[in-house]
Asker: 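Sharing a structure with you now.
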Amino acid sequence: MPELPEVETTRRGIEPHVLGQRIESLLLRRPDLRWPIPDHLVRTLPGREIEAVRRRAKYLLIDTEPGSMLIHLGMSGSLRVLTPGFGAGKHDHYDLALGSGQVLRYNDPRRFGCLLWQAADETHELLAALGPEPLGDTFDGDYLYSLSRGRSAPVKAFLMDQSVVVGVGNIYVAEALFEAGIRPTRAAGKVSRAAYGAVAMAIRRILAYAITRGGTTLRDFLKPDGEPGYFEQELSVYGRAEEPCRVCGKPIKQVVQSNRSSFYCPSCQK
DNA sequence: CGTATTCCCTGCACGC
DNA sequence: TGCGTGCAGGGAATAC
């Protein structure tokens with residue numbers, strides 16, 4: 001699930017339950033996800049108070065006085081706040097037990113996610129080269145236009161490059177390029193300033209809207225069962241190969257770019 | 001430096 | 001029913 005809206009939805013979902021809580025313990029059920037989980041965390045975290053729950057790009061940061069838990073959900077990760085009594089499932093890799101008696105539990109079948117540590121006075125290497133937040137003040141069409149000059153890579157790859165702009169994944173890039181009328185296969189350096197203005201607006205609008213839709217799942221956040229695909233029925237092109245374009249009726253095309261599926265309308269996107 | 005490819009891992013839908 | 005294949009929303013590592 002997790003592109004930026006899903007991560008932000010997770011942040012908002014867990015924040016009321018974990019902010020200000022004392023960490024009682026960290027239970028690791030396996031020593032590694034994508035990378036080894038620093039083993040000092042089981043000693044460092046107990047007794048600390050959670051001071052903030054932040055998001056940077058697709059990372060969640062849970063702040064304590066000596067530093068922050070750095071959490072990425074990868075492609076299949078999720079965090080859930082549970083009241084005691086739920087047995088751990090197969091892919092429940094760690095539990096953070098809180099003073100309230102509740103537990104913050106991480107589940108990730110594919111283990112592409114990570115749990116790392118960022119000391120209070122440092123910026124983790126993984127966060128060092130990230131581009132601007134798409135919903136922040138510095139992100140706009142002129143920024144994309146300037147950065148893209150001379151680039152031959154497809155505009156889709158350019159927009160998914162986390163050093164260009166963060167948080168845009170395979171689904172939302174397809175939707176934003178559709179809304180802006182740009183084919184994902186165009187060279188990034190050949191897209192006009194006006195078109196980048198449109199795509200920047202589309203990215204902001206779609207991500208912000210998806211976050212509000214994610215809000216509908218917040219009410220169910222404490223439930224241990226899976227959340228519904230809240231945004232799925234509103235997608236214009238993603239996953240709709242051969243289905244009629246909602247604007248012009250022509251069949252949506254699916255192509256493979258750098259080993260991942262791209263979707264676009266051959267009539268609406270030039 | 002930028003670009004393209006490969007790989008990490010498990011689960012699931014599909015065809016035979 | 002079982003087995004093989006391809007695919008999945010991320011992104012780092014590697015090879016040019």
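Quick note: numbers below take in every heavy atom, side chains included, and nothing from hydrogens, waters or symmetry partners.
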Asker: Given atom CZ of A:Arg30 and atom P of B:dC8, what is their separation to the nearest angstrom?
Answerer: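 The distance from CZ of A:Arg30 to P of B:dC8 comes to 15 Å, rounded to the nearest Å.
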
Asker: Verify the contact: side-chain N or O of A:Ser152 to OP1 or OP2 of B:dT3, cut-off strictly under 4.0 Å; return yes or no.
Answerer: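 Answer yes for this pair, as a side-chain N or O of A:Ser152 is under 4.0 Å from OP1 or OP2.
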
Asker: What interatomic distance, in whole Å, is found between C1' of C:dG9 and the corresponding atom of B:dT3?
Answerer: 23 Å

Asker: Can a cation-pi geometry be assigned to A:Arg240 and A:Tyr238, taking NZ or CZ under 6.0 Å from the six-membered ring centre and within 45° of the ring axis?
Answerer: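 The answer is no, since A:Arg240 fails at least one limit relative to A:Tyr238.
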
Asker: Measure from CG on A:Leu33 to P on B:dC7 and round the result to the nearest Å.
Answerer: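 Those two atoms, CG and P, are 22 Å apart.
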
Asker: Would you mind classifying the nucleic acid contact of A:Arg34 as base, sugar-phosphate or nothing, using non-hydrogen atoms under 4.0 angstrom?
Answerer: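 Contact class for A:Arg34: base.
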
Asker: Would you indicate, yes or no, if B:dT10 has its OP1 or OP2 atom less than 4.0 angstrom from a side-chain nitrogen or oxygen of A:Lys90?
Answerer: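 Answer is no, no contact under 4.0 Å.
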
Asker: Could you check whether the rings of A:Tyr196 and A:Phe158 sit parallel, tilted or perpendicular, using 30° and 60° as the cut-offs?
Answerer: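 If you compare the ring of A:Tyr196 with that of A:Phe158, the planes turn out perpendicular.
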
Asker: Between C:dG11, C:dG10, B:dT10, spot the one nearest the side chain of A:Met160, thanks.
Answerer: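 Selected nucleotide: C:dG10.
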
Asker: Roughly, in whole Å, what's the span from NE2 in A:His72 to C1' in C:dG9?
Answerer: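 So the two atoms are 11 Å apart, to the nearest Å.
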
Asker: Looking at A:Asp63, is its backbone amide N or carbonyl O close enough to the side chain of A:Arg54 to form a donor-acceptor pair, meaning the two atoms are under 3.5 Å apart?
Answerer: no

Asker: Determine, for A:Arg22 against A:Glu49, whether the closest basic-nitrogen to carboxylate-oxygen distance falls under 4.0 angstrom.
Answerer: no

Asker: Counting only side-chain nitrogens and oxygens, does A:Tyr238 get under 4.0 Å of the OP1 or OP2 atom of C:dG9?
Answerer: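 It does, given that an N or O in the side chain of A:Tyr238 lies less than 4.0 Å from OP1 or OP2 of C:dG9.
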
Asker: Write down the partner of C:dG9 under the Watson-Crick or G-U wobble criteria, each distance required to be under 3.5 Å.
Answerer: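 Pairing partner: none.
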
Asker: Tell me whether the OP1 or OP2 atom of B:dC9 has a side-chain N or O from A:His91 closer than 4.0 Å.
Answerer: no

Asker: What about the rings of A:His40 and A:Trp117, do their centers lie closer together than 6.0 Å?
Answerer: yes

Asker: Tell me: CG of A:Leu73 to P of C:dG11, nearest whole Å?
Answerer: 10 Å

Asker: Counting the atoms with a prime plus P, OP1 and OP2 as sugar-phosphate, which does A:Asp108 contact under 4.0 Å by heavy atoms, base, sugar-phosphate, or nothing?
Answerer: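 Here A:Asp108 touches no strand at all.
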
Asker: CD of A:Glu234 versus C1' of C:dG9: gap in Å, rounded?
Answerer: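 To the nearest whole Å, that distance equals 17 Å.
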
Asker: Taking atom P of B:dG2 as reference, at what distance in whole Å does atom CZ of A:Arg149 sit?
Answerer: 15 Å

Asker: In the structure shown, which nucleotide is the Watson-Crick or G-U wobble counterpart of B:dC9, with both distances under 3.5 Å?
Answerer: none

Asker: Taking any heavy-atom pair under 4.0 Å as a contact, classify A:Phe158: base, sugar-phosphate, or nothing.
Answerer: nothing

Asker: Just checking A:Arg151: base, sugar-phosphate only, or nothing, at a heavy-atom cut-off of under 4.0 Å?
Answerer: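 Sugar-phosphate, backbone atoms only, no base.
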
Asker: Roughly, in whole Å, what's the span from CG in A:Leu235 to P in C:dG9?
Answerer: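 Rounded to the whole Å, the gap is 12 Å.
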
Asker: Quick one: the side chain of A:Arg260 and the base of C:dA8, do they pair up donor-acceptor inside 3.5 Å?
Answerer: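 Donor-acceptor pair under 3.5 Å: no.
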
Asker: B:dC9, C:dC7, C:dG11: which one has an atom nearest the side-chain heavy atoms of A:Ser261?
Answerer: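 Taking heavy atoms from C-beta onward, the closest nucleotide is C:dC7.
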
Asker: Is the shortest side-chain N to carboxylate O distance from A:Asp95 to A:Arg29 below 4.0 Å?
Answerer: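 A salt bridge is present here (some side-chain N lies under 4.0 Å from a carboxylate O).
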
Asker: On the side chain of A:Arg111, is there an atom forming a donor-acceptor pair with the base of B:dC9 - under 3.5 Å, no angle test?
Answerer: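 By the distance-only test, no, there is no pair.
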
Asker: Report the nucleotide, chosen from B:dG11, C:dA12, C:dG9, that has the shortest atom-to-atom distance to any side-chain atom of A:Leu126.
Answerer: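 Nucleotide nearest to A:Leu126's side chain: C:dA12.
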
Asker: Whole angstrom is fine here: how far is it from CZ in A:Phe112 over to P in B:dT6?
Answerer: 16 Å

Asker: Tell me which one of A:Arg105, A:Arg80, A:Arg30 satisfies salt bridge (charged side-chain N to carboxylate O under 4.0 Å, His left out) with A:Asp92.
Answerer: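 Checked A:Arg105, A:Arg80, A:Arg30 against A:Asp92; only one passes salt bridge (charged side-chain N to carboxylate O under 4.0 Å, His left out): A:Arg105.
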
Asker: Assuming nearest nucleotide by heavy-atom distance, tell me which of A:Trp35 and A:Ile171 is located more 5' along DNA chain C.
Answerer: A:Ile171

Asker: Just compare C:dA12, B:dC9, B:dT5 and give me whichever is closest to any side-chain atom of A:Ser258.
Answerer: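 Nearest listed nucleotide: B:dT5.
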
Asker: To the side chain of A:Met75, which of B:dG11, B:dA4, C:dA8 is closest?
Answerer: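 Given the options B:dG11, B:dA4, C:dA8, the side chain of A:Met75 is closest to C:dA8.
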
